[in-house]
Structures are given as structure tokens and as C-alpha cells.
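Everything below concerns the one structure shown next.
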There are 2 protein chains.
Amino acid sequence: MKLYTAKGTPNGRRVEIFLAEKHVDLPSVQVDLRGGENITPEFRRMNPMGRIPVLEMEDGSFISESVAICRYFESLHPEPCLFGRGAEQQAIIEMWGRRAELNFLLNAATAFRNLTGFFKDRETINKDWGQTSLEVAQNALPIFDAHLASAMYLAGDEFSIADITFGAGLDFTQAVKLDLPFDLVNLVSYRARLAERPSFQN
Amino acid sequence: MKLYTAKGTPNGRRVEIFLAEKHVDLPSVQVDLRGGENITPEFRRMNPMGRIPVLEMEDGSFISESVAICRYFESLHPEPCLFGRGAEQQAIIEMWGRRAELNFLLNAATAFRNLTGFFKDRETINKDWGQTSLEVAQNALPIFDAHLASAMYLAGDEFSIADITFGAGLDFTQAVKLDLPFDLVNLVSYRARLAERPSFQN
């Protein structure tokens with residue numbers, strides 16, 4: 001198997017962290033997003049949506065979408081368990097993973113793309129919408145902070161894929177200097193806990 | 001258990017269809033989105049994100065996010081299987097479910113909100129971004145159509161939760177008259193297949 005990915009992207013890093021937690025070492029190919037390698041016809045044969053990461057399987061087929069790739073490795077390597085055990089815990093992890101992605105990461109990424117024009121060679125940029133998306137992401141963080149006042153990790157006492165999505169999102173948006181309230185007290189402790197994990201140290 | 005939901009919304013309908021496929025009958029409470037019932041402090045105690053659907057559990061806790069609620073019922077009622085069996089099929093369903101949601105449904109919903117101003121009493125509206133989102137959703141449909149030339153359902157021969165996300169998204173965006181290429185030939189056959197299912201007939 002082989003992973004097509006790109007350093008410095010939140011979705012690439014989500015899969016990287018997940019594989020490190022599972023102690024799975026996979027050959028990878030860096031895709032040049034800035035140069036548009038992900039939107040070439042060759043790449044779209046692997047993923048018609050033109051996005052990384054993409055997993056090339058042994059039989060030559062492809063799985064894309066970060067969470068789909070992670071779920072595949074969760075089945076192959078069930079320990080440590082990152083998607084939860086039992087109906088309720090699995091649902092809670094899914095809920096927090098989606099909240100982290102839909103309420104925070106996607107809005108922050110939309111803000112980044114529209115405020116910086118990073119992909120302005122290939123997509124319509126709208127600075128006002130970048131600002132609106134930034135505000136939506138800003139407003140989401142205190143909700144996570146309040147939740148983390150009584151929870152070690154998003155889904156409770158156990159680290160899960162929801163924390164990978166949220167932690168990779170937070171690290172990325174801070175790296176690109178988005179104006180987000182990173183200094184919320186519970187969020188600061190939570191990020192320190194994540195940063196101690198070897199999987200986050202790359 | 002009790003479901004807080006809203007008729008006519010794509011996310012409410014996703015859970016409705018899923019429960020109908022599972023033959024699960026659940027008491028439900030209609031939430032008045034137009035009147036802002038979902039953003040009251042009372043509702044936010046159930047889901048701080050202020051979104052439907054929300055499942056109230058027997059112990060008084062709450063699960064939100066459509067896919068998290070569906071996953072919970074998949075565990076309680078494994079048949080018919082809608083999240084797939086085995087590592088690869090589960091990953092393929094996750095991939096197509098996310099493509100349907102992230103590439104189509106979310107962009108179409110953003111177009112709807114910004115072009116119509118449906119929630120303009122509570123969120124910033126940006127018509128240009130509505131138009132951009134519509135174009136992104138328009139450009140995604142031919143990719144699904146091409147895939148459906150050789151697949152009965154998004155993830156292959158078997159109906160899955162990915163089809164619920166995509167089908168509910170298509171039905172909603174056609175109901176609100178978004179300018180999308182609904183007439184693509186494989187998409188038309190696919191929608192006819194979905195429409196025959198009793199779960200889609202509501």
C-alpha cells in the first residue's frame with residue numbers, strides 16, 4: 001500500500017497522526033498541491049475530487065477521504081482503539097469528530113483559503129466570506145473549551161480520532177496565523193496533552 | 001429515546017430514512033428552525049452547536065450529528081447493514097458518504113442559505129459565495145454521475161448510508177429549486193431506484 005499526501009495540510013496530518021498512533025509505517029508520496037498536481041487528470045483517476053490524502057491499495061484501487069483511510073486501518077489494526085468500543089462510545093466519537101470537522105476545521109480552512117487566496121489560481125476567492133467563516137470558527141472554539149473543562153479528550157477519558165481531527169485543525173490554523181482564540185484555558189491544557197503524544201510531534 | 005428533528009431538512013430526513021430502513025420507530029419532536037427554537041439556551045443544552053437532529057438517550061444524555069445517530073442505531077440494529085461489512089467495504093462507504101456530504105450536500109446547503117437568505121435573521125449572508133458554492137455543487141454532480149454509470153449505488157451493489165446522504169441531499173436541493181444538473185442520465189436512473197424504496201417515500 002502507498003499513501004499520497006502533502007506535508008503541512010490538516011488532512012494529510014490527520015492520517016499521519018492516526019498511522020503513528022497505530023504504529024503503522026506506510027510508504028508515502030508527496031503531492032505538490034501548490035503546483036496543482038492534485039488536479040491533474042492522472043491524480044483524478046485516483047480521486048476524482050482532486051484531494052489528498054489517497055491510499056493506494058494492494059489491488060490497485062484507491063481509498064480517499066481522511067476518515068475513510070483511518071477507518072480502514074482501524075479495522076486492520078484494532079489497537080489502540082481510536083473509533084471507540086460499543087454503540088454509545090462509537091456514536092460519541094463520531095459526534096465529536098464531526099463537530100470538530102464541520103463546526104471548526106472546515107470553517108477555519110475556508111477562512112484560510114479565502115483570506116489568503118492560497119488557491120486563487122483555481123478557485124473563486126471571496127474575502128468577505130473568509131471573514132464570515134473565520135467568525136464562525138472563532139465562535140465554535142469556546143464551545144469546545146467549555147466541554148473540555150470536564151473532559152480530558154473530546155469524547156471523554158480516552159483519546160480518539162475526534163482529537164486527531166481537532167488537534168490537527170488547531171495546529172494548522174495556528175501555524176497559518178488565523179485569528180482564533182487559542183488562549184482559552186481548557187483548550188491550552190488540552191493542546192499541551194496532545195502535544196505530549198509522540199504521534200503529534202511531527 | 002426521543003428524536004428532536006425538523007421536517008423538510010436534509011439532515012432530519014437522513015436520520016428518518018435510516019430509521020425507516022432499520023424498521024425502527026422512534027417518538028420525535030419537531031423543532032421550529034424558522035422560529036429559532038434550535039438556538040435557544042434550552043436547545044443548546046442538548047446540542048451546543050444548535051443543530052438538529054438530536055437523539056435523547058434513555059439516561060438523559062444526547063447524541064447529535066446525523067451520522068453519529070445513524071451509527072448508534074447501526075450498532076443496536078445491525079440488519080440491514082448500512083455502514084458495510086469488513087475493512088474495505090466500510091472504508092468505501094465512508095469515502096462515498098463523505099464525498100456526498102462534503103463535495104455536494106454542504107456546498108448545496110451553503111448555496112441555499114446564501115442565495116435565499118433563509119437564516120438571514122441569524123447569520124451573515126453572502127450572495128456571491130452562494131453562487132460560488134452553487135457552482136462547486138454543480139461541478140460535483142457529473143463526477144457522481146460518471147461513477148454511477150457502473151455502480152447501482154454509490155458504494156457498489158449494495159444500498160448504504162452514503163446513498164441516504166446523497167439521495168436526501170439531491171431531493172432537498174431539487175425541492176428548493178437549486179439550479180443543479182439533476183438531468184444527468186445515470187443520476188436520473190439512480191434517483192428512480194432510490195425513490196422506489198419505502199424509506200424514501202416520505
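All values reported here derive from a predicted model rather than from experimental measurement. Quick note on labels: first sequence line is chain A, next is B, and so on, each numbered from 1. In what follows, every heavy atom counts, from backbone to side chain, and hydrogens, waters and symmetry copies are set aside.
For A/S66, no part lies near chain B; criterion is any non-hydrogen pair under 4.5 Å. A/N47 touches chain B through backbone and side chain together, each having a heavy atom under 4.5 Å away. The part of A/E101 that comes within reach of chain B is its side chain, from C-beta onward, which places non-hydrogen atoms under 4.5 angstrom from that chain. Looking at A/S133, there are no atoms closer than 4.5 Å to chain B (heavy atoms on both sides), in backbone or side chain.
With respect to chain A, the highest number of heavy-atom pairs below 4.5 Å among B/V67, B/T124, B/I69 belongs to B/V67. In terms of heavy-atom pairs under 4.5 Å with chain B, the best-connected choice from A/I93, A/N114, A/V136, A/L55 is A/N114. Listed options B/L76, B/N103, B/I143 were ranked by heavy-atom pairs under 4.5 angstrom with chain A; first place goes to B/N103. Contact tally against chain A (heavy-atom pairs below 4.5 Å) for B/S61, B/G97, B/A87: the top residue is B/A87.
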- [ ] Take B/L106 and A/L102 through the test side chain to side chain contact (heavy atoms under 4.5 Å, CB included) and record every step on the way to the result.
- [x] CA-CA 9 Å; B/L106 273 181; A/L102 302 176; 3.8 Å; yes
TODO: Walk me through it: do B/Y72 and A/E88 pass the test side chain to side chain contact (heavy atoms under 4.5 Å, CB included)?
DONE: CA-CA 6 Å; B/Y72 182 68; A/E88 190 168 347; 4.2 Å; yes
Open item on the list: Assess the residue pair B/W129 and A/T132 against the criterion (side chain to side chain contact (heavy atoms under 4.5 Å, CB included)); give the C-alpha distance rounded to whole Å, side-chain angles, the decisive distance to 0.1 Å, and a yes or no.
Closed with: CA-CA 11 Å; B/W129 189 255; A/T132 298; over 6 Å; no
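Annotation: A/D59, atom CG; neighbour count of heavy atoms from other residues, nucleotides and ligands within 6.0 Å is above 12. Counted within 6.0 Å of CG on A/D157, heavy atoms from surrounding residues, nucleotides or ligands total 12 or fewer; the atom is thus considered open. For CD of B/E158, the number of neighbouring non-hydrogen atoms (other residues, nucleotides, ligands) closer than 6.0 Å is 12 at most. Around atom CG of A/D25, no more than 12 heavy atoms belonging to other residues, nucleotides or ligands sit under 6.0 Å away.
To the nearest 0.5 angstrom, B/E94 atom CD is 4.5 Å from A/R71 atom CZ. Distance CE/B/M49 to CE/A/M95: 9.0 Å, rounded to 0.5 Å. Atom-to-atom distance recorded for A/F62:CZ and B/I92:CD1 is 12.5 Å, nearest 0.5 angstrom.
Taking each heavy atom of A/A91 and B/A68 in turn, the nearest pair found is O-CB, 3.4 Å.
A side-chain N or O of B/R99 and one of A/S64 form a donor-acceptor pair less than 3.5 Å apart.
Between A/P48 and B/H147, every side-chain heavy-atom pair lies at or beyond the 4.5 Å cut-off.
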